[in-house]
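As structure tokens, the structure follows; a few thoughts come after it.
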Amino acid sequence: DAHVVMLKGPMGEGKTFGGTGGVIYHARRNNRPIRGALVRDTFQNIKTSTIPDIREYLGDRAHFTDDGKKLHIRCTPAVELDLFGIDDEASIQKLQGPQYAIIWLEEPAPIYEKANAGLPYEVFKIALARAARQQGTVPRLQLTHNPADEDHWTSELAERPDGVYAGWCDPETG
């Protein structure tokens with residue numbers, strides 16, 4: 001029920017499955033249809049990795065439109081997600097404007113051998129504010145990823161005690 005949740009573990013352990021379940025749970029928690037975003041380093045990585053996994057988990061309950069840029073999950077209440085990559089500073093603006101109840105950051109920590117660049121800390125900061133924009137919903141920002149290097153911002157976040165996000169320091173500025 002926390003505003004920010006993180007699921008971290010090795011490859012192939014079901015993090016995307018857990019994230020998908022988290023999105024559906026969040027709609028039920030709010031007892032209304034929700035809109036959200038699934039964000040990764042590039043849209044290509046969403047297409048080659050995340051979308052096939054979600055299709056496997058949900059079968060015909062997952063309906064992709066707009067060349068994979070929108071996901072409609074047939075559940076009660078319904079879920080609609082915008083899927084996009086943030087691979088440059090200008091892409092961060094994709095989080096501006098939409099009324100989201102949830103934002104899911106998939107693989108925010110880089111995986112060099114898999115050519116995943118990860119997501120910058122600025123995306124986390126903006127997503128934290130933007131995940132609270134759908135009127136009448138409880139906000140949620142969820143992260144699912146492989147273990148990061150100890151100096152990556154996700155490692156810093158994971159080491160913080162529960163509920164200390166408001167006083168959390170920017171790892172780049174201290």
Side-chain angles (χ1 to χ4, degrees), residues 1-9 13-109 116-146 154 157 165:
D1 290 337
H3 179 80
V4 178
V5 294
M6 181 184 299
L7 180 57
K8 162 175 90 162
E13 291 297 314
K15 296 176 299 294
T16 303
F17 179 82
T20 303
V23 170
I24 294 168
Y25 165 78
H26 192 60
R28 286 197 172 168
R29 175 181 177 204
N30 282 287
N31 197 31
R32 62 181 294 178
I34 62 168
R35 182 170 181 214
L38 190 163
V39 180
R40 200 164 168 166
D41 63 332
T42 67
F43 182 65
Q44 184 60 38
N45 281 339
I46 290 173
K47 285 173 57 172
T48 59
S49 181
T50 309
I51 288 175
D53 287 347
I54 292 172
R55 277 194 172 119
E56 179 183 341
Y57 306 144
L58 297 180
D60 63 0
R61 293 185 182 270
H63 180 68
F64 293 90
T65 60
D66 195 16
D67 195 30
K69 293 179 182 163
K70 291 221 179 272
L71 166 60
H72 306 273
I73 300 177
R74 295 180 181 121
C75 59
T76 305
V79 173
E80 179 181 310
L81 294 177
D82 296 328
L83 284 63
F84 54 88
I86 295 184
D87 44 2
D88 60 32
E89 293 281 328
S91 298
I92 292 174
Q93 294 196 9
K94 293 176 185 176
L95 288 171
Q96 306 263 349
Q99 306 295 312
Y100 292 139
I102 186 169
I103 296 178
W104 174 7
L105 302 180
E106 172 86 326
E107 300 295 358
N116 172 358
L119 294 168
Y121 174 66
E122 289 73 26
V123 173
F124 171 80
K125 290 192 302 188
I126 292 170
L128 192 57
R130 297 297 175 186
R133 300 208 27 152
Q134 184 176 342
Q135 295 289 334
T137 62
V138 176
R140 180 180 176 107
L141 174 59
Q142 67 181 30
L143 295 82
T144 55
H145 65 94
N146 293 295
T154 56
L157 180 64
Y165 301 111

For residues [X] and [Y], determine if any side-chain heavy atom of one lies less than 4.5 Å from a side-chain heavy atom of the other.
X    : Y   : answer
W104 : V39 : no
K47  : D67 : yes
L95  : I86 : yes
L38  : I54 : yes

Does any N or O in the side chain of S49 come within less than 3.5 Å of the main-chain N or O of N45, such that one atom is a donor and the other an acceptor? no

Checking the side chain of R74 only, and the main-chain atoms of H63 only, is there a donor and an acceptor separated by less than 3.5 Å? no

- request: Step by step, work out the side chain to side chain contact (heavy atoms under 4.5 Å, CB included) result for T50 and E107.
  value: CA-CA 10 Å; T50 309; E107 300 295 358; over 6 Å; no

Nearest heavy atoms of [X] and [Y], plus distance in Å:
X    : Y    : value
V5   : R140 : CG2-NH2, 3.3 Å
G18  : L7   : CA-CD2, 4.1 Å
M6   : L157 : CE-CD2, 3.4 Å
E122 : I92  : CB-CD1, 4.2 Å
H145 : K15  : O-CD, 3.1 Å
Q134 : R35  : OE1-N, 2.9 Å

Open item on the list: Just checking R32: does its CZ atom have more than 12 heavy atoms from other residues, nucleotides or ligands closer to it than 6.0 angstrom?
Closed with: yes

If you draw a 6.0 Å radius around CD in Q96, do more than 12 non-hydrogen atoms from other residues or ligands fall strictly inside? yes

Atom [atom1] of [X] and atom [atom2] of [Y]: how far apart are they, to the nearest 0.5 Å?
X    : Y    : atom1 : atom2 : answer
L71  : L58  : CG    : CG    : 7.5 Å
D53  : F17  : CG    : CZ    : 11.0 Å
L119 : T154 : CG    : OG1   : 10.0 Å
D41  : S91  : CG    : OG    : 11.0 Å
I103 : I126 : CD1   : CD1   : 9.5 Å
I46  : E106 : CD1   : CD    : 8.0 Å

R29 and T137: side chain to side chain contact (heavy atoms under 4.5 Å, CB included), yes or no, with the steps?
CA-CA 9 Å; R29 175 181 177 204; T137 62; over 6 Å; no

From the list L141, D82, L81, side-chain contact (heavy atoms from CB on, under 4.5 Å) partner of Y100 resolves to D82

